[in-house]
Number of protein chains: 2
Amino acid sequence: MTKPRVRATSEEWDYLREYRVGDYPTPLLTVDAVLFTFHDNQLQVLLVQRANHPAKGQWGLPGGFVALEQDADLDATVRRNLMAKTGVEPPHIEQLASYGSAHRDPRGWSVTVCYSALIAHQACAQQIDSVSDVRWVPLDEALVSPLAFDHQQLLVDARERLRQKALYSIVPAYALPDRFTLPQLQQLHEVLIGKTLQKKSFRRRIEQAELLIDTGEKRGEGGRPASLYRMRPNTADHFFVRNLES
Amino acid sequence: MTKPRVRATSEEWDYLREYRVGDYPTPLLTVDAVLFTFHDNQLQVLLVQRANHPAKGQWGLPGGFVALEQDADLDATVRRNLMAKTGVEPPHIEQLASYGSAHRDPRGWSVTVCYSALIAHQACAQQIDSVSDVRWVPLDEALVSPLAFDHQQLLVDARERLRQKALYSIVPAYALPDRFTLPQLQQLHEVLIGKTLQKKSFRRRIEQAELLIDTGEKRGEGGRPASLYRMRPNTADHFFVRNLES
DNA sequence: TTAGTTAAGTGACATATAGTCACTAATTAG
DNA sequence: CTAATTAGTGACTATATGTCACTTAACTAA
């Protein structure tokens with residue numbers, strides 16, 4: 001399974017026979033994820049109750065160790081861990097940052113590679129409601145709860161990153177169902193940014209960026225029904241504000 | 001040195017007596033840095049010739065293992081490694097991303113936390129000229145050289161991130177001397193972005209953002225002398241384009 | 001059927017930012 | 001003193017965003 005990417009010289013093989021992973025004094029490495037969703041007009045995050053020491057019984061972010069024999073890379077590790085808790089793969093995962101210090105874990109020097117992910121609430125609601133050690137928590141509530149390790153800090157940083165994205169991209173849309181309305185998306189952005197936005201400006205920017213496809217369907221609750229949109233597939237970047245290149 | 005941040009329960013101590021860092025099968029962890037500078041109208045990066053296996057003799061990025069007994073956190077690790085090669089601390093360091101897979105290092109599953117840093121060429125020119133295993137290499141040249149491990153990929157990603165920053169911030173200015181002229185900064189941004197910029201637009205944006213201080217000094221070579229500026233201290237963000245918050 | 005309510009979506013003008021380029025300013029070389 | 005060179009500005013144009021009243025399309029209750 002562990003195949004060297006670069007062909008080793010014979011001198012290198014002599015070296016490798018002696019030194020392998022596990023022989024080096026290296027920090028403990030974990031991968032964690034902040035999985036966001038938007039539900040009941042609130043930003044929510046997935047929390048998991050720890051089954052093992054340290055911090056047994058406390059709530060924290062979903063994550064875990066790299067499965068050395070199974071995971072091809074870090075992305076695979078985070079996808080496997082999220083799949084284990086939600087039963088599905090989130091449509092958007094991106095690496096946030098790594099946190100490492102001598103004191104963040106009582107076992108000693110440790111590093112976590114933290115990811116940020118987004119998913120529709122309904123996509124995994126049943127799976128999550130059926131177990132007691134995994135649940136959606138409103139972000140504002142999670143931010144003031146005592147969490148395992150430095151997971152509070154990871155939440156703060158993930159939230160700030162997502163807030164930044166709301167200023168110039170439609171990435172937050174992955175926290176909504178496949179088909180969603182522009183007023184829905186605007187509400188999400190307003191919650192993230194923390195202030196109301198101009199309907200006209202918001203729509204104009206998104207329409208001009210051509211990142212969404214109008215499905216033709218409508219959905220209404222009370223007043224005029226809104227058009228349902230979906231993300232345009234194969235879109236590398238999700239920017240809706242002009243940058244200085246164009 | 002390794003003091004738990006959170007006070008452990010007695011049950012936890014029983015656990016910790018048994019399990020410590022080193023007992024877990026965990027990937028090899030290293031920290032690498034892409035140190036940029038701007039010199040001779042070129043973007044350059046610091047490369048180091050590897051003294052040990054694997055990839056002994058090949059050129060790669062400065063970096064190394066976490067010193068478990070010495071480094072308080074990952075930032076300390078990267079600063080120590082850069083200090084060892086340049087003799088000084090770069091004025092700007094930020095984390096870029098982490099790269100981990102089963103195959104990027106012949107020793108097995110490994111992860112590197114990659115940083116991006118900027119420094120003035122003159123700040124460490126003597127130190128670097130005095131040794132043969134460390135040198136500045138023009139980025140375009142480094143990008144087509146065979147480098148150790150996946151360091152080529154790290155270079156590509158670091159360059160792209162710095163290019164993005166050039167579009168909306170003056171962070172690249174840390175690759176210049178303490179005092180620099182606006183035409184100098186503009187040239188750097190033009191090299192990064194890959195196209196010429198409008199002098200007036202560039203100046204206007206930077207002046208309006210009030211991120212630079214005019215030192216009153218002048219420097220000229222041929223024509224009218226240009227004003228020398230320095231970075232305004234205590235500036236958290238270095239954005240010079242309006243964002244949608246303001 | 002119709003008037004009132006609600007929420008979606010648009011028209012049109014005001015304001016702010018960026019692009020363009022000719023012009024002025026300050027220095028050196030000869 | 002004049003030409004060459006590079007720094008820096010004035011003033012207009014083009015484009016993007018802010019604002020808000022207005023129209024549209026649904027529902028509900030007389």
Side-chain angles (χ1 to χ4, degrees), chain A residues 41 164 166-170 173 176-177 179-191 193-230 239-246, chain B residues 40-41 164 166-170 173 176-177 179-191 193-230 238-246:
Chain A
N41 213 37
Q164 289 296 330
L167 293 171
Y168 55 79
S169 87
I170 56 167
L176 298 174
R179 282 143 201 260
F180 54 88
T181 67
L182 288 189
Q184 258 186 305
L185 183 58
Q186 183 174 342
Q187 278 199 324
L188 167 52
H189 280 243
E190 286 175 345
V191 167
I193 296 173
K195 72 174 192 187
T196 59
L197 298 172
Q198 288 290 129
K199 185 168 48 163
K200 188 61 196 263
S201 305
F202 186 77
R203 300 181 70 92
R204 213 171 13 200
R205 285 198 309 243
I206 286 182
E207 277 160 15
Q208 282 180 9
E210 296 183 330
L211 295 166
L212 298 181
I213 294 173
D214 188 337
T215 64
E217 302 162 83
K218 307 278 177 187
R219 180 174 54 204
E221 304 160 31
R224 172 175 174 177
S227 295
L228 282 166
Y229 292 83
R230 58 185 171 82
F239 292 177
F240 63 73
V241 293
R242 187 177 66 107
N243 71 33
L244 303 175
E245 294 183 278
S246 47
Chain B
D40 292 338
N41 213 37
Q164 289 295 332
L167 293 172
Y168 57 80
S169 87
I170 57 167
L176 298 174
R179 283 143 200 261
F180 54 88
T181 68
L182 287 189
Q184 257 186 307
L185 182 58
Q186 182 173 344
Q187 278 199 323
L188 168 52
H189 280 243
E190 287 176 344
V191 167
I193 296 173
K195 74 175 191 185
T196 59
L197 298 172
Q198 288 291 129
K199 185 169 48 164
K200 189 61 196 262
S201 305
F202 186 77
R203 300 181 69 94
R204 213 172 12 202
R205 286 197 308 242
I206 286 183
E207 276 161 15
Q208 281 180 9
E210 297 182 330
L211 295 166
L212 297 182
I213 294 172
D214 188 337
T215 63
E217 302 162 82
K218 307 280 176 186
R219 181 173 51 204
E221 303 160 30
R224 173 175 172 176
S227 294
L228 282 165
Y229 291 82
R230 59 186 170 81
H238 299 281
F239 292 177
F240 64 74
V241 293
R242 188 179 65 107
N243 72 34
L244 303 175
E245 292 184 280
S246 47

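Protein chains get the first letters and strands the later ones, always in sequence-line order, with residue 1 at the start of each.
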Exercise. How close or far is atom P of dG10(D) from atom NZ of Lys199(B), stated in whole angstroms?
Worked result: 13 Å
For this session: Specify whether His189(B) and Phe240(B) have parallel, tilted or perpendicular ring planes, treating 30° as the upper limit for parallel and 60° as the lower limit for perpendicular.
Result: tilted
Exercise. What nucleotide, of dA26(C), dG9(C), dA26(D), holds the atom closest to the side chain of Pro225(B)?
Worked result: dA26(C)
Exercise. dT19(D) P sits how many Å from Arg205(A) CZ, rounded?
Worked result: 12 Å
Exercise. On a plain distance test, is the side chain of Lys200(B) in donor-acceptor contact with the base of dG8(D) below 3.5 Å?
Worked result: no
Exercise. Counting only side-chain N and O atoms of Arg203(B), is one of them less than 4.0 Å from OP1 or OP2 of dG8(D)?
Worked result: yes
Problem set entry | Phe239(A) CZ to dT17(D) P, straight-line distance once rounded to whole Å | 14 Å
For this session: Scan Arg204(B) against the nucleic acid and name what it touches under 4.0 Å (heavy atoms): base, sugar-phosphate only, or nothing.
Result: base
For this session: Kindly say if Gln198(B) contacts the phosphate of dT20(C), meaning a side-chain N or O under 4.0 Å from OP1 or OP2.
Result: yes
For this session: Please state whether the base of dA26(D) and the side chain of Arg224(A) form at least one donor-acceptor pair under 3.5 Å?
Result: no
For this session: Round to the nearest Å and state the distance from Leu182(B) atom CG to dT6(D) atom P.
Result: 17 Å
Exercise. OP1 or OP2 of dA7(C) sitting under 4.0 Å from any side-chain N/O of Arg219(A)?
Worked result: no
For this session: For Gln208(A) and dT10(C), give me the distance from atom CD to atom P, rounded to whole Å.
Result: 13 Å
For this session: Quickly work out the Arg242(A) CZ to dA16(C) P distance and round it to whole Å.
Result: 16 Å
Problem set entry | Lys195(B)/Glu190(B) salt bridge by N-O under 4.0 Å criterion | no
Exercise. Taking the side chain from Ser227(A) and the backbone from Asp214(A), do they hold a donor-acceptor pair closer than 3.5 Å?
Worked result: no
Problem set entry | Heavy-atom donor-acceptor pair, Gln186(A) side chain to Leu197(A) backbone, under 3.5 Å | yes
For this session: Please work out if Gly222(B) contacts a base, only the sugar-phosphate, or nothing of the nucleic acid, heavy-atom cut-off 4.0 Å.
Result: base
Problem set entry | Nearest-angstrom distance from the residue atom CG of Leu228(B) to C1' of dA26(C) | 15 Å
Problem set entry | dG9(C) phosphate, OP1 or OP2, under 4.0 Å from Ser227(A) side-chain N/O | yes
Problem set entry | Leu182(A) vs Leu212(A), side chain to side chain contact (heavy atoms under 4.5 Å, CB included): CA-CA, chis, key distance, verdict | CA-CA 10 Å; Leu182(A) 288 189; Leu212(A) 298 181; 3.7 Å; yes
For this session: Can you tell me the distance, in whole Å, between the CG atom of Leu185(A) and the P atom of dG9(C)?
Result: 12 Å
For this session: Would you kindly compare Phe240(B) and Lys218(B) by the position of their nearest DNA chain C nucleotide and give the one closer to the 5′ end?
Result: Phe240(B)
